[in-house]
Amino acid sequence: YDERVQAFAILNGIAEVSDHAGLMSIINTGFNASPYMEQFIIQAIMKAGFIEDGLTRIKKRYGLMAEDKNWSTLWEGWSIPNDEFGGTTPNHAWSGGAVYLLPMYVHGIMPISVGYGRISIKPLDGSIKNSSVKVPSVLGLIQSSFTYGVNSLGVKVDLPSKVVAVLELPRRYHQVLLNGELIMKH
């Protein structure tokens, strides 16, 4: 079995949702993808709802690149020098798929309408306790940050004037303050 085939079955809706957990046993043990193809593996993992598994895979697969003191770029292959996957360049944009996925699955920033006029923001409730991101859109820069405390979640969002955001918070929080004022309680 190959993780690439299983990932595309999830991404393209061929696999039933009820099959996703079973496919994860194949995906989590396969490491045949190039740095370019890896973005689709990680996206399938996250789309299937296994966000923490996706983050673990990003660290495992791209960690060597991120920690390398000699390069501030992503490589064409999994090591430098490398004949694997057709190249040895240390600066290759095709390896940046994980960077594209993090705003979507850590911050939950996804367009609801065409052109980012309406977006969702849903901070990940998981191992990442604080994060910030800037997402360029045709309407301007979308900025989001979150910090989890012991019993709290702080979220800061800066949007272009023509963008409307739907903020989704984890259910365990029972009240929402906006600029220090209670605006919702359940």
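Since we're looking at a predicted model, the values are computed, not measured.
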To the nearest 0.5 Å, tell me how far Asn151 CG sits from His174 NE2. 10.0 Å

Same cluster or not: Tyr100 versus Ile51, using hydrophobic residues (I, L, V, M, F, W, Y) connected whenever any side-chain heavy atoms lie under 4.5 Å apart? yes

Sidechain-backbone polar pair: Asp2 side chain, Arg4 backbone, donor-acceptor under 3.5 Å: yes

Give the C-alpha distance, both sets of side-chain angles, the deciding distance and a yes or no for ring-ring contact (aromatic ring centres under 6.0 Å, His included) between Trp78 and Tyr62. CA-CA 8 Å; Trp78 290 115; Tyr62 294 96; 5.3 Å; yes

Are Ile109 and Leu101 in one and the same hydrophobic cluster, where Ile, Leu, Val, Met, Phe, Trp and Tyr link if side-chain heavy atoms are under 4.5 Å apart? yes

Where Pro103 and Val135 come nearest, the two heavy atoms and their spacing: CB-CG2, 3.7 Å

Lys185 atom NZ, neighbour heavy-atom count above 12 within 6.0 Å: no

Set out, in order, the CA-CA distance, both residues' side-chain angles and the distance that settles side-chain contact (heavy atoms from CB on, under 4.5 Å) for Phe146 and Val106, then state yes or no. CA-CA 10 Å; Phe146 66 82; Val106 173; 3.9 Å; yes

How far apart are the closest heavy atoms of Ile128 and Tyr148, and which atoms are they? O-CD1, 3.9 Å

CG-CD1 distance between Leu23 and Ile45, expressed to the nearest 0.5 angstrom: 11.0 Å

Nearest-0.5 Å distance, CG of residue Leu167 to OG of residue Ser144: 8.0 Å

Quick check for you: to the nearest 0.5 Å, what is the distance between Ile14 atom CD1 and Phe8 atom CZ? 10.5 Å

So, do Met46 and Ile58 sit near enough that their side-chain heavy atoms are less than 4.5 Å apart? yes

Non-hydrogen side-chain atoms of Met184 and Gln175 separated by less than 4.5 Å: no

Would you please test Arg118 and Val166 for side-chain contact (heavy atoms from CB on, under 4.5 Å) and show each step? CA-CA 8 Å; Arg118 186 172 171 88; Val166 175; 3.5 Å; yes

Same cluster (ILVMFWY, side-chain, under 4.5 Å), Tyr173 and Val176: yes

With a 3.5 Å distance limit and no angle check, can you tell me whether Thr73 reaches the backbone of Pro90 through a side-chain donor-acceptor pair? yes

Write down the atom of Leu139, the atom of Gly117, and the distance for their closest heavy-atom approach. CD1-CA, 3.7 Å

In the structure I gave you, are the side-chain heavy atoms of Ser120 and Glu168 within less than 4.5 Å of one another anywhere? yes

Does any non-hydrogen side-chain atom of Tyr36 lie less than 4.5 Å from one of Glu76? no

Can you check side-chain contact (heavy atoms from CB on, under 4.5 Å) on Asp53 and Asn28, steps first, answer last? CA-CA 8 Å; Asp53 287 348; Asn28 283 336; 3.6 Å; yes

SB check Glu3 Arg57 (cutoff 4.0 Å): yes

Does CZ in Phe50 sit with more than 12 non-hydrogen atoms of other residues, nucleotides or ligands closer than 6.0 Å? yes

Is there a side-chain contact (heavy atoms from CB on, under 4.5 Å) between Ile10 and Ile27 once you walk through the steps? CA-CA 11 Å; Ile10 292 171; Ile27 292 171; 3.8 Å; yes

Give a yes or no on this: more than 12 heavy atoms of other residues, nucleotides or ligands lie within 6.0 Å of atom CD of Glu16. no

Ile142 side chain near Ile119 side chain, heavy-atom distance below 4.5 Å: yes

What I'd like to find out is whether the side chain of Val133 reaches to under 4.5 Å of the side chain of Gln143, using heavy atoms alone. no

Determine the minimum heavy-atom distance between Gly115 and Val138, stating which atoms define it. O-CG2, 3.4 Å

Rounded to the nearest 0.5 Å, how far apart are CE of Met104 and NZ of Lys47? 9.5 Å

Under 3.5 Å: donor-acceptor pair, side chain of Lys162, backbone of Leu159: no

Transitive ILVMFWY side-chain link Met110 to Val163, under 4.5 Å: yes

Which heavy atom of Met65 sits nearest to which heavy atom of Gly77, and what is that distance? CE-O, 3.5 Å

Hey, does Leu153 have a side-chain heavy atom less than 4.5 Å from the side chain of Leu169? yes

Does a donor on one side chain and an acceptor on the other come within less than 3.5 Å for Ser95 and His92? no

Identify the heavy atoms of Gly140 and Pro160 that sit nearest to each other, and give their distance. C-CG, 3.5 Å

Between atom CG of Asp19 and atom CE of Met24, what is the distance when rounded to the nearest 0.5 Å? 13.5 Å

Are Trp75 and Leu64 side-chain neighbours, meaning at least one heavy-atom pair lies under 4.5 Å? yes

I'd like to know if Ile41 and Leu102 are part of one continuous hydrophobic network [Ile/Leu/Val/Met/Phe/Trp/Tyr, side-chain heavy atoms within less than 4.5 Å]. no

